[in-house]
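Structure record follows, encoded as structure tokens.
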Amino acid sequence: MLIVKLVPCNATAFYRLAVNYAVRRMSQSPVSIKFKWGLSASDPDQKPVLFVGQAAHLNALTWQDVRCKLEPRVSEEAWRRGITVASPGELCELWPRAAALGVLPPRRSRHAAPARSHALSKLVRSGVRSSSEEFVVLVCRKRDVLASAVAIARAVPLYSARSGPGPLPASLSPPAPPPGARSTLTVEIHLSQDEGDSEEEGLGPLEPELLESTLSTEELSTLQDVADATRLAARITDTPANVMDVDAFIEEACKVAKELDIAEPTIIRGEELKERGMGGIYGVGRASVKPPALVALSYSAAGATETVAWVGKGIVYDTGGLSIKARASMVGMKGDCGGAAAVLAAFGALVKAKPSINLHAVLCLAENSVGPHSTRPDDIHQLYSGRTVEINNTDAEGRLVLSDGVVFAQRDLKADTIVDVATLTGAQGTATGKYHAAIISNSARLERLCVSSGLVSGDLAHALPFAPELHFSEFSSVVADMKNSVADRNNAQSSCAGLFILAHLGFDFPGAWLHVDMAAPAHCGERATGYGVALLAVLFGAHTRSRLLAALSPNK
């Protein structure tokens, strides 16, 4: 006989219990995201569904288009009523905790993504339930489908160390879920007829592929690859440094290389860095228990005439070194490896798209620790470029590791185009805000392409002044070639930091160089966004066999 004892419980306490249970369930079950074209039949009471899109696109849907996801719970009248009363940016419940509608803002400024990516992520974060299987129906134009898919993917993070019910785990590494425990979020895509003028959106004329109302299997595979790569970058960035140390990051790089079936990464580590003259990476990481490393993954395309290298800042934790950060400023510094995480994940996504260029991912990995071997202010290091740097701020370490990385890309990998990606300066958020990375380039064309790629991909970017003759004097030193931190912190800090890196390539570097400072957009609240993956995929998509990336890329 089963005896059930009822305990008095007020509404607030019951709500807290329910929320706690849902959170614990979700922490136990990693969510797998799958993308499909077209809508399948399902009962929302068994498999919750969230419709998201712009009001004009949702209004264009017929009842026949959507009834398979809503019946028998939601009537046509309730559906139409929901579209009418739904407020932009908020959820409207069509059936309690089973069917909901999210309407994106109708207007956007010229510096925001046409896909309304940030509003879409927010809606999905608040609308996704804790069910083992649920759906998001994405209604959008084909030109917005990649940015929208990435926005949905970043709304459902992978990393969690919450224990959930049952025995506590032995470590902070997420335990492998039991068979059948993985939750599935299926994103079913309905493409709307294209409207509006792409010229007004700053994207140029549309390719014919972007006017189609279908998605091929190959295009869905591209969406899946870029979305999965975004979640990978976010997972690495979210993982704390006592788990995601330099050793673990190298393991992640080796896993990617193995999955892509390419040669094992080149790894230069510890004292070998010093012997090779890479004083930037060596000096930053030598105080850590785990030695610093430069890791390079390489893909060679038959008959390639162009070589591209992406260089990522991978500071797995940044205390600031002896110029130690304030207590509040140090929290969250596990995310200082976001640039390297984005470069690694984007490399995997692009290689799957079979690029026609030689492509390299260079990861500059170190922990900026405090210890007997810490770099001191006043120390002078010689970097891989041969130039000497007087250290006046050990918390300006990212530019040191990146300088070694870009010179390795040019000298050893013979790269014609070099892009460095980093959570580099706190000043970036002040300069371009929480949503736009700050970029600087020696190539006006590459700068324009990056900004356009940001609009298409949802990884927004905005250009900084490029004026070495006005800004580089901030690094003047009387005893070395340069200092590593500016004299005047009110004089274009983010621009200056980028110029420091270019100075080691040389201001006469004949190739194209682009610096992406994504310190603020790398995070949303306390979660990583995987920023940079979609940006790089679109920026270099024209050099791949991916039909979708090639059509979206402005680099034609």
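A 4.5 Å side-chain heavy-atom check between F249 and I236 finds at least one atom pair inside the cut-off. Two residues are said to be in side-chain contact when any heavy atoms from C-beta on lie closer than 4.5 Å; T307 and T417 fail this criterion. Side-chain contact between L514 and C450 is present, with at least one heavy-atom pair separated by less than 4.5 Å. Counting only heavy atoms from C-beta outward, the side chains of L464 and D517 never approach each other to under 4.5 Å. I83 places a side-chain heavy atom less than 4.5 Å from the side chain of R80. Looking only at side-chain heavy atoms (C-beta outward), I315 and Y317 stay at 4.5 Å or farther from each other. Residues C254 and E252 have side chains not in contact (no heavy-atom distance under 4.5 Å, counting atoms from C-beta outward). V66 places none of its side-chain heavy atoms less than 4.5 Å from the side chain of V137.
Note on K352 versus E259: salt bridge recorded, some NZ/NE/NH1/NH2 to OD/OE distance being below 4.0 Å. Salt bridge D459/R154: present, at least one basic N to carboxylate O contact under 4.0 Å. Ionic pairing of E93 and R129 is present here: one or more N-O contacts between side-chain nitrogen and carboxylate oxygen are shorter than 4.0 angstrom.
Other residues, nucleotides and ligands contribute at most 12 non-hydrogen atoms within 6.0 Å of the CD atom of E264.
Remark: E251 engages no residue in a side chain to side chain contact (heavy atoms under 4.5 Å, CB included) (not counting sequence neighbours). For the side-chain hydrogen bond (donor to acceptor under 3.5 Å, both in side chains) test, no residue two or more places apart in sequence or in another chain qualifies with S441. Shown here are the side chain to side chain contact (heavy atoms under 4.5 Å, CB included) partners of A257, two or more places apart in sequence or in another chain: I262, P265, L297. Partners of N59 by side-chain hydrogen bond (donor to acceptor under 3.5 Å, both in side chains), not counting sequence neighbours: none found. Listed by chain and number, the residues in a ring-ring contact (aromatic ring centres under 6.0 Å, His included) with Y531 amount to none (sequence neighbours excluded). Contacts of E218 classified as side chain to side chain contact (heavy atoms under 4.5 Å, CB included), with partners at least two apart in sequence or in another chain: S216, T222, S546, R547. Residues satisfying the side chain to side chain contact (heavy atoms under 4.5 Å, CB included) criterion with H190, sequence neighbours excluded, are L39, L61, D65, V139.
A donor-acceptor distance shorter than 3.5 angstrom exists from the side chain of T432 to the backbone of H436, with no hydrogens or angles considered. Here the side chain of S452 pairs no donor or acceptor atom with the backbone of L449 at under 3.5 angstrom. The backbone N or O of A151 lies less than 3.5 Å from a partner atom in the side chain of S121, making a donor-acceptor pair. Distance alone, capped at 3.5 Å, places no donor-acceptor pair between the R67 side chain and the E71 backbone. Listed for the T529 side chain is a donor-acceptor partner under 3.5 Å among the backbone atoms of A522. Side-chain N or O atoms of E306 include none that pairs as donor or acceptor with a backbone N or O of N358 at under 3.5 Å. Formation of a donor-acceptor pair under 3.5 Å by the R97 side chain with backbone atoms of P48 is not found in this model. Side chain of K334 to main chain of D238: a donor-acceptor pair is present (N/O by atom type, distance under 3.5 Å, no hydrogens or angles). Put simply, the side chain of R73 never gets that close to the backbone of P44: no donor and acceptor are under 3.5 Å apart. Judged purely by atom type and a 3.5 angstrom limit, Q224 uses its side chain to pair as donor or acceptor with the backbone of I33.
Across V145, D225, L215, a single residue satisfies side chain to side chain contact (heavy atoms under 4.5 Å, CB included) together with L220, and that is L215.
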Test side chain to side chain contact (heavy atoms under 4.5 Å, CB included) on L104 and L120 and set out the steps. CA-CA 7 Å; L104 297 173; L120 177 55; 3.9 Å; yes

Check the pair D144, R141 against salt bridge (Lys or Arg N to Asp or Glu O under 4.0 Å), reporting the backbone distance first and the verdict last. CA-CA 5 Å; D144 298 329; R141 305 173 300 184; 2.9 Å; yes

Please step through side chain to side chain contact (heavy atoms under 4.5 Å, CB included) for the pair S183 and E133, ending with a clear verdict. CA-CA 6 Å; S183 300; E133 187 172 358; over 6 Å; no

I would like to know whether V533 and V150 meet side chain to side chain contact (heavy atoms under 4.5 Å, CB included); could you show each step before the answer? CA-CA 9 Å; V533 173; V150 169; over 6 Å; no

As a quick check of understanding, evaluate side chain to side chain contact (heavy atoms under 4.5 Å, CB included) for L94 and V49, giving each step before the final call. CA-CA 10 Å; L94 304 175; V49 61; over 6 Å; no

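Side chains of S213 and K142: a donor-acceptor N/O pair is absent below 3.5 angstrom, by distance only. Residues S40 and E188 have side chains that bring a donor and an acceptor to within less than 3.5 angstrom of each other.
Atom CD of E209 is separated from atom OG1 of T214 by 11.0 Å, given to the nearest 0.5 angstrom. Note that NZ of K122 and CG of L91 are 10.0 Å apart. Values are rounded to the nearest 0.5 Å. Taking CD1 from I439 and CG from L460, the interatomic distance works out to 11.0 Å, rounded to the nearest 0.5 Å. Atom OG of S192 sits about 11.5 Å away from atom CZ of R143, to the nearest 0.5 Å.
In this structure, K47 and S42 approach most closely via the heavy-atom pair CD-CB, 4.3 Å. Closest heavy-atom contact between S356 and A304: O-CB, 3.5 Å. Between A113 and L455, the shortest heavy-atom contact is CB-O, 3.7 Å. Considering every non-hydrogen atom in both V295 and A253, the closest pair reads CG1-CB, 4.1 Å. The nearest pair of heavy atoms linking A519 to Q428 is N-OE1, 3.2 Å. When every heavy atom of P106 is checked against every heavy atom of R116, the shortest pair comes out as O-NH2, 2.8 Å.
When ring centroids are compared, Y299 and H360 stay outside the 6.0 Å threshold.
Residue pairs meeting the ring-ring contact (aromatic ring centres under 6.0 Å, His included) criterion with at least one member in residues 82-101: none, sequence neighbours excluded. Pairs engaging residues 30-56 under the ring-ring contact (aromatic ring centres under 6.0 Å, His included) rule: F51-W79 [sequence neighbours left out]. Among residue pairs with one or both ends in residues 120-142, none qualify as ring-ring contact (aromatic ring centres under 6.0 Å, His included); sequence neighbours excluded. Contacts classified as side chain to side chain donor-acceptor pair (under 3.5 Å) and involving residues 532-545 (residues at least two apart or in different chains) are given here: H543-N555.
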Listed pairs under 3.5 Å, donor-acceptor, residues 336-350 side chains, sequence neighbours left out:
residue, atom, partner, partner atom, Å
D336, OD1, K313, NZ, 3.0
D336, OD1, T423, OG1, 2.6
D336, OD2, K313, NZ, 3.1

